[in-house]
J.: 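My questions will all concern the structure given below.
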Amino acid sequence: MRLNSDEALLHVRPLYDMKYKNSLEFAKQLDTKDPLATYRDEFIFPEVHGKEVIYFTGNSLGLQPKRTKAYVDEVMQDWASLAVEGHFYAKKPWWDYHERLAAPLSKVVGAMPDEITVMNTLTVNLHLLMVSFYRPTEKRFRILCEEKAFPSDQYALSSQLRFHGLDPKEALVEVKRRPGEHFWRTEDIVQKIQELGSELALVMMGGVNYYNGQVFDLRVITEAARSVGAIAGWDLAHAIGNVELRLHDWDVDFAAWCSYKYMNSGPGNASGVFIHQRHLGKKDIPRFEGWWGTKKENRFLMKPEFEPMDNADAWQLSNASILSLAPYLASLTLFDDVGMEALITKSGSLTSYLEFILQEIDKQVDSSFEIITPKDRGCQLSVFLHGEGRTLFEYLMSEGVFIDWREPNVIRLAPAPFYCSFEDMYRFGQILGEGIQRT
Ligand SMILES: Cc1ncc(COP(=O)(O)O)c(C=O)c1O
């Protein structure tokens, strides 16, 4: 097995200081010692051949928490029995339902509650935030991102540039990986920021890269961007609920994320937004406005003037989609119970154990796997399958291992610490070994 030569900081903190073994007994022992093991029972697993699947696709769509249904049922019940009165008299009144999410979310991303709001979906929010925070001038107009950013981000950035009459070929600068390397170096990003200097208007990157699972150094990159007078914005789709975030202290200007991956809030569900306190409570900030962003005490006076909320809710446009907020709120109660620190600790161990299992299987078979995820990582490992192809992927899926495939030959394995067990990692290794022998 070829491991990446990256010398990035090792963020992984193994939970158990012992030598790993590729055995069922050992994996079970780790599960017995796992303080979060009981949380697996809080989630509903699909089944294949009558057995719960090994779920590695929490980086795409998180599993459904069992407690979610009660939150949705409550809204359905209030709607049935109260109809329009539910806006003010539901158990959790709908007119300010979204406000309940800010405090628990602020803990997940390291923010002040007033810096958080939940609305719309991720790409929509990135656009809305760029309306406020990408204000190109003749001199300062460039946007910097990582090469091969998630396609929706590329489309969003390019279309923002074209909207301002700029040519993405000229104004969008991508930081490349070095030849032969699968990851981005922080020093290359910082150097590019410094080179662009006073021409740089915005750095907008993914906090964790969707393809290789790399965690970017948000603190250092944000600081570099701000030191040349640019704005730092982050797409945290793969970072939220996965890695440590301290958005307020790191001085990030804005960020947005979806909630259907590690946040387990359900397909296509609402997006969260962070806007640093220094941008709040300003009347002169350019912003697309709607009635849900105006001062709540006057919202129903239907006044012609917009009076922005003092917090991030000023960016709200429409009355909230309560049926999508309910599952998000349910899932946040789980995060509140456990806290990010415990999740990150388990995640480090689980992913290290998965890495070990891959190394062990690699020794037993002819093919070879290359982990292209650098050590600066969350729970995801992206694995290049040399000598194997889609048939192996299809075999794994048919045996109840939910993974995903990315061209040219990469599988992504993201064991979410809330519901994946050490035994899952062991069982995966066994199925992988069998699959390689057969295909
Ligand atoms: C990194 C990243 N950015 C943006 C998106 C797009 O999200 P949405 O469809 O919610 O706008 C995704 C979706 O998976 C993503 O992974």
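As the structure lists them, so they are numbered: ligands from 1, and atoms in each ligand from 1.
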J.: Indicate whether the side chain of Ser132 and that of Trp315 have a donor and an acceptor atom separated by less than 3.5 Å.
T.: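 Judged by distance alone, the side chains do pair up.
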J.: Given Phe254, which of Leu128, Leu129, Leu247, Asn125 fulfils the side chain to side chain contact (heavy atoms under 4.5 Å, CB included) condition?
T.: Leu129
J.: Mind checking whether His127 and Phe288 have ring centres under 6.0 Å apart?
T.: no
J.: Which pair of non-hydrogen atoms, one from Arg142 and one from Glu170, has the smallest distance, and what is that distance?
T.: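 Heavy atoms of Arg142 and Glu170 come nearest at NH1-O, 2.6 Å.
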J.: Can you list the residues that meet the salt bridge (Lys or Arg N to Asp or Glu O under 4.0 Å) rule with Lys69, with sequence neighbours excluded?
T.: Asp73
J.: For ligand 1, find each of its N or O atoms that sits under 3.5 Å from a protein N or O atom, and tabulate the pairs with distances to one decimal place.
T.:
from     : atom 1 : to     : atom 2 : distance (Å)
ligand 1 : 3 (N)  : Asp235 : OD2    : 2.6
ligand 1 : 7 (O)  : Tyr260 : OH     : 3.0
ligand 1 : 10 (O) : Tyr260 : OH     : 2.6
ligand 1 : 11 (O) : Thr123 : N      : 2.9
ligand 1 : 11 (O) : Thr123 : OG1    : 2.5
ligand 1 : 14 (O) : Lys261 : NZ     : 2.8
ligand 1 : 16 (O) : His238 : NE2    : 3.1
ligand 1 : 16 (O) : Lys261 : NZ     : 3.3

J.: Less than 6.0 Å separating the ring centroids of Phe150 and Tyr211?
T.: no
